[in-house]
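What follows is a short report on a single structure.
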Amino acid sequence: MKNLRNVAIIAHVDHGKTTLVDALLRQSGTFRQNEAVEERVMDSNDIEKERGITILSKNTSVHYNDIKINIVDTPGHADFGGEVERVLKMVDGVILLVDAFDGPMPQTRFVLSKALALNLVPIVVINKIDRPGARPQEVEDEVLELFMDLDASDEQLDFKVVYASGKNGFAKLSLDDEDVDMKPLFETIINTVPEPAGNEEDPLQLLVSNIDYDEYTGRVGIGRIERGTIHNGETIAICKKDGRVENIKIGKLYTYEGLNRVETEVAKCGDIVAVTGVTGIEIGETIADVNNPEAIEFVDIDEPTVSMTFSVNNGPFAGKEGKFITSRHLRDRLYKELERNVSLRVEDTDQSDSFKVSGRGELHLSILIENMRREGFELLVSRPTVIYKEINGVKCEPMEDLTIDVPEEFVGSVMEKIGLRKGEMTNMAASHSQAGYTRLEFKIPARGLIGYRGEFMTDTKGNGIMNHTFMGYEPYKGDMQTRQRGAVIAFEQGKATGYGLFQAQERSTLFIGPGTMVYVGMIVGENARSEDLTINVCKEKHLTNTRASGSDDALKLVPPKIMSLEQSLEFIGDDELVEITPENIRLRKKILDPTQRFRQQGKQQ
C-alpha cells in the first residue's frame with residue numbers, strides 16, 4: 001500500500017517518546033483547534049501518568065499529505081522489553097530516540113539490537129536539543145559507534161538523523177535550520193520507511209502481536225495484516241500455537257485513526273487492525289484465510305529472570321480492607337494477566353493458596369501488584385528471587401549490564417558496595433553528559449541488584465543515576481550478603497504510641513508513626529545493627545503521683561520513613577513478606593509468633 005507507513009518509536013526510559021508522539025498528533029491535525037488535550041496523551045493508564053513512564057505499548061495513527069502513518073509507542077524500561085519485542089513485528093521501520101544530553105543508554109542498545117535483528121529501517125532522532133548542556137553532534141557519533149558495536153549492515157549504518165524537541169514541537173535536518181515544526185520528521189518517515197510488503201490478492205495472514213480487553217466484546221486481537229484482505233464479519237481461521245486450526249466469525253473490525261479505534265468494512269495488507277469476537281485468541285497466533293490457513297512464525301520473547309510467591313493474606317488484619325481475598329480470586333486474576341502480559345509466567349505451587357509468578361524484573365512484577373492493589377485485592381508477596389538455569393550441567397544465573405553515572409566523590413563507596421554484590425567492573429570513564437560525574441560499567445548478577453537501589457540513592461545522596469539491562473546467563477558467582485541491617489519487629493497487637501516509638505527510635509529507623517495499628521510479627525522499622533530487634537511499640541507511659549524535672553517534656557519523634565511498594569520489596573529478607581491491601585502496605589515476618597520464629601532459626605543453624 002503506497003499510502004501507508006508503519007513505524008515504532010523505541011528508546012531508553014525518559015528520553016521523550018510519548019512527548020514526541022504528542023507533537024506528531026497535534027501537528028497532523030488529529031485534534032480540533034479548541035480541543036483540550038492533556039500532556040503525554042498516549043500514557044492512558046493511571047500508573048503511567050503518575051510515574052511518567054510507558055508500561056504498555058499503544059497504537060495510534062496520523063495522516064500527513066494523504067499518507068497514513070501508524071505509530072506504535074513502546075515502553076523504555078528494560079522490565080517491559082517483552083512489549084517492545086512483540087510490537088516490532090508490526091512495523092517496517094523504527095524511530096530510535098536518543099536524548100541529546102544523556103546519549104545512548106543501556107536500554108537504547110537493547111531495543112536497537114532487537115530492531116536491527118529484524119532488519120527494520122532505523123531513523124535516529126536526537127531529541128531534547130533545546131535542553132541546557134545538549135551535545136547533539138557528540139551524541140550522533142556515539143549512536144554511530146553503537147550501530148557498529150551491534151554489527152549493523154551497511155544499509156543500516158546509512159541512517160537518517162533528525163534533530164528535534166518533542167516538548168517544543170519542532171524537528172530539523174540540520175542544527176543550523178530554524179525551529180519551525182515537525183514537518184522534517186514527517187517527510188523523513190515517508191521517504192525512509194518502506195511501504196508495507198505483501199499482496200492484497202493473496203490469502204489472508206494476520207499475526208496477533210497484542211491483546212486488549214473490552215468489557216462488552218471480550219478479547220480484542222491487535223496485529224498487522226501481512227498479506228491479503230480482511231472483511232468485517234467474515235469467517236476466518238485461527239492457527240493456534242499447538243498446531244490446531246479453529247474457524248470463527250469476526251465480530252467487528254477496527255483500524256486506528258488518531259487515538260480512536262474506528263470500525264471499518266475492509267482492511268488490506270500492511271494495515272494495523274483490531275478484531276473483536278475472536279474468543280480465546282492469544283498473542284503469537286495467526287488469523288488466516290479459511291481455505292488456506294498458514295501460520296506466521298512469532299518472535300521468541302526473552303524468558304523471565306525474577307520470580308516471587310504471591311499468596312493469600314493470612315495476617316491478623318486480613319479481610320478488613322480488600323474486596324478480593326480468597327485464593328480463587330487471586331488465581332483467576334493472575335491467570336487473566338497472562339492473556340496480555342506475554343513475558344509473565346504463573347505456576348501453581350504445592351500450597352493451594354500460593355502461586356509462583358515470574359517476570360522480567362522487580363518493576364515488571366511491582367506494576368502488576370500495584371494494579372491488583374488498586375482493584376481491591378489483598379495479598380502477601382515474598383522477596384524477589386532470580387531464576388537459575390542449568391546449562392551443560394553447570395548452575396547458571398542471570399547477569400545484568402549495569403551503568404552508573406555518579407559524582408566523583410561517591411565512586412569509592414559505589415565500587416565497594418558493587419564488589420560485595422559480586423559485580424565486575426568492565427569500564428570506567430568521565431561521564432559525557434555531566435561535568436564532575438564518572439560513568440561506571442559493571443557486569444553483575446541480577447540477584448546482586450535486588451534491594452540495591454535504595455542503598456545506592458543513600459550512598460550517592462540522591463545524585464546517582466543507575467540503569468541496567470539483562471545480558472544473559474553465566475555460571476553461578478557464589479553466595480553474597482545483601483541486607484546489612486536487621487528489622488524492628490512489633491511485640492504485641494494494638495495501636496502504636498508515641499511513648500513506645502520514642503523508645504524504639506534511638507536504635508532504629510521507624511517505618512510507622514503513632515496511632516498506626518500493628519500486630520505481633522509486623523516489621524515497624526530497620527535496626528541499626530545486623531540482628532532483628534523485638535520491641536513493644538504499643539507501650540504506654542503509666543501515670544504516677546511522682547513528678548520529676550524534665551521527665552514530662554514532650555517527646556520528639558523523628559518523622560517515619562514511609563516505604564513505597566518498590567522500597568518494601570527491596571527491603572524484605574527471605575524470611576519476610578510484604579502485605580498489600582488497597583489501603584496499606586505492611587512488612588511482616590513469614591512466621592509471626594516469636595517463639596516459633598526462634599525455634600525455626602535454631603533448626604536452620
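Just so it is clear, the model here is predicted, and its values are computed rather than measured. Below, each value reflects all heavy atoms present in this structure, side chains not excepted, and no hydrogens, waters or symmetry copies. Along the sequence shown, residues are numbered consecutively beginning with 1.
For Y254 against T276, the heavy-atom pair with the smallest separation is CE1-CG2, 3.7 Å. Residue S366 comes nearest to L569 through the heavy atom pair CB-CD1, 3.9 Å, listed as atom of the first residue, atom of the second, then distance. Across all non-hydrogen atoms, the minimal contact from A115 to I10 is CB-CD1, 4.0 Å. In terms of heavy-atom proximity, V98 sits nearest to G103 at CG1-C, 3.4 Å. L120 approaches V91 most closely through the heavy-atom pair CD2-O, 3.2 Å.
Not one N or O on the side chain of N199 forms a donor-acceptor pair closer than 3.5 Å with the backbone of G228. R5 places a side-chain N or O within donor-acceptor distance of the main-chain N or O of V193, the cut-off being under 3.5 Å. Looking at S209, its side chain never comes within 3.5 Å of a backbone N or O of G223 through a donor-acceptor pair. A donor-acceptor pair under 3.5 Å links the side-chain atoms of Y437 to the main chain of N463, judged by distance alone. Checking side-chain atoms of T426 against main-chain N and O of E441 turns up a donor-acceptor pair under 3.5 Å. Remark: the backbone N or O of R135 is not paired with any side-chain donor or acceptor of E138 at under 3.5 angstrom. Put simply, the side chain of N65 never gets that close to the backbone of I67: no donor and acceptor are under 3.5 Å apart.
Remark: K68 engages L4, S61, H63, N70, T255, E257, D271 in a side chain to side chain contact (heavy atoms under 4.5 Å, CB included) (not counting sequence neighbours). Residues meeting the side chain to side chain contact (heavy atoms under 4.5 Å, CB included) test with P194, sequence neighbours left out: D92, V121. Under the side chain to side chain contact (heavy atoms under 4.5 Å, CB included) criterion, D459 pairs with S413, K417, E455, not counting sequence neighbours. Here L338 pairs with Y335, L344, V346 under the side chain to side chain contact (heavy atoms under 4.5 Å, CB included) rule; sequence neighbours left out.
Atom CG of N127 and atom CG of L96 lie 11.0 Å apart (nearest 0.5 Å). Separation of atoms OG1 (T460) and CD1 (I465) is listed at 9.5 Å; rounding is to 0.5 Å.
Between M182 and F186 the shortest side-chain heavy-atom distance falls below 4.5 Å. By the 4.5 Å heavy-atom criterion applied to side chains, M90 and N6 are not counted as neighbours.
Every pair passing ring pair (Phe, Tyr, Trp, His ring centres under 6.0 Å) that includes a residue from residues 115-162 is listed here, sequence neighbours excluded: F147-F159. Applying the salt bridge (Lys or Arg N to Asp or Glu O under 4.0 Å) test to pairs two or more places apart or on separate chains, those with a residue in residues 147-162 are R109-D149.
A tilted orientation is assigned to the rings of Y452 and F456, their planes being inclined by 30° to 60°.
With a 6.0 Å cutoff to the six-membered ring centre and a 45° limit on the axis angle, K172 does not count as a cation-pi contact of Y163.
Atom CD of E409 has more than 12 heavy atoms from other residues, nucleotides or ligands within 6.0 Å.
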